[in-house]
Amino acid sequence: MDPNLLFNEQVDILLELLVAIEKPMRRAILDSGELVLEGHTMPFTVFYYGSRPKNGYSLFIGLHGGGGCPKAVNDGQYSNHKHLYRFPDGVVWLVPRAPEDASNMWHLPYVDTMLDFMIQSFIICGIADPNRVFLTGYSAGGDGVYKLGPRMADRIAGAAMCGGHPNGASILSLRDTAFTLHVGEHDNAYNRNGVAIEYGEKFKVEKQKDPSGYDHFVKLQEGCGHWMNHRDFEGFEWLLTKTRIPIPNKVVWRQCNDLPKKAFYWLVLPVEQMKAGTLVTATLRENCVYIESTDIKRIGIRLNDTMLSLQHPVCVYFNDVCVFKGVVEKSLDIVQASILERFDPKVIFCAEIYVNAP
């Protein structure tokens, strides 16, 4: 048997085994309506629209408004958000209740992990299409989308920010993720309307520099204040036409200013290189990887056969200097670690290279 076919068969068996082990616990959590993780509790409600499509439901996550106010107010916002929109068939609507009553409740450091755990659970249980996951939020939830969209861009197909404020979030990591912003024309509080215009211009600039990236739709809803009377749903309809690019040929990674990450798409950093605000651009081309950064000194590149031909030598260039050339060995240990990290059948890596800046 061809060694590559045998290896791929082993990957399939390993994925099936690890999913089977994990599934009962994840199913129990989805049925319970409450996630308890690392000392934090997040209740949630799930609505199913129509029957499951062949590849799974499109999963929409809705972050409610509220913020640094009494618990009863946030409870009311959570309750209201459950029925804020009406979706077409083929959608799962997941509405979590923020674990804390805080102004930054949707972009606290642990929120990414909790939401990612929920996304994993819908994938593991065969409910959601891994390439059709969308993050949305209104008001304080919109604040969260501004922040979480770039932080979780490699997990989601797109995001809808409604009536929020970015708090300094960068859009650069959204290069491969659809993003839509909707704010009321007269939503002056915190200059939400003015900032939405500014962010629309930021997207235009990046799109002009990089035409194949930065897919966006920005709209100030005419005549509206903070409440947009459901007009923002046109952003959701726009998202429904989008599908995630699980392994893009080009990655732009700007670390968030308040929560540096270890991994993004097919890039991974040693702990000592995880620093706020750092920028890395990476491109795949003709069995080569091109890394550009003046901010980091060492980086890992995760690989599989859909990205490059691993049967042939791989070259890595760091700031135009060749820092690696050779055949990269596949490893089932890397496959297992990749599955356990993400439980994403569309993003499984089988090889890894670490290189230093020249």
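If you read the sequence from its start, that first residue is 1, and numbering goes on from there.
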Does a salt bridge link Lys261 with Asp112, judged by any charged N lying under 4.0 Å from a carboxylate O?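 Answer for the salt bridge query: no.
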Under-4.0 Å salt bridge between Glu206 and Arg175: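 Result for this pair is no, no salt bridge flagged.
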Check: [X] ring centre within less than 6.0 Å of [Y] ring centre:
{"X": "Phe264", "Y": "Trp253", "value": "yes"}
{"X": "His83", "Y": "Phe47", "value": "yes"}
{"X": "Phe179", "Y": "His216", "value": "no"}

According to the salt bridge (Lys or Arg N to Asp or Glu O under 4.0 Å) rule, which pairs have a member within residues 139-148, sequence neighbours left out?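 Every salt bridge (Lys or Arg N to Asp or Glu O under 4.0 Å) pair that includes a residue of residues 139-148, provided the two are not neighbours, is Lys147-Asp258.
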I need the full list of salt bridge (Lys or Arg N to Asp or Glu O under 4.0 Å) pairs touching residues 245-257, with sequence neighbours left out, sorted by first then second residue.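 Passing the test, one end in residues 245-257: Asp210-Lys250.
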Not counting sequence neighbours, list each pair that qualifies as a side-chain hydrogen bond (donor to acceptor under 3.5 Å, both in side chains) and has a residue in residues 178-190.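 Sorted result for residues 178-190: Thr180-His182, His182-Gln221, Asp187-Arg192, Asp187-His226, Asn188-Asn193.
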Checking Arg132 now: which residues fulfil side chain to side chain donor-acceptor pair (under 3.5 Å) with it, not counting sequence neighbours?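 Arg132 satisfies side chain to side chain donor-acceptor pair (under 3.5 Å) with Ser58 once adjacent residues are dropped.
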Just to verify, what does Asp75 make a side chain to side chain donor-acceptor pair (under 3.5 Å) with, not counting sequence neighbours?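 Lys71, Arg97.
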If you look only at distance, which donor and acceptor atoms sit under 3.5 Å apart when one is on a side chain in residues 345-358 and the other is two or more places apart or in another chain?
residue : atom : partner : partner atom : Å
Glu352  : OE2  : Arg302  : NE           : 3.2
Asn356  : OD1  : Arg298  : NH1          : 2.8

Kindly confirm or rule out a cation-pi arrangement of [X] over [Y], judged by NZ or CZ under 6.0 Å from the six-membered ring centre and within 45° of its axis?
{"X": "Lys202", "Y": "Tyr199", "answer": "yes"}
{"X": "Arg26", "Y": "Phe343", "answer": "yes"}
{"X": "Lys82", "Y": "Tyr78", "answer": "yes"}

Any donor-acceptor pair under 3.5 Å from Ser79 side chain to Gly76 backbone: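 No: the side chain of Ser79 does not pair with the backbone of Gly76.
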Assign the ring pair Tyr85 / Phe236 to parallel, tilted or perpendicular, where the plane angle (0 to 90°) is split at 30° and 60°.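 Rings of Tyr85 and Phe236: tilted, as their planes differ by 30° to 60°.
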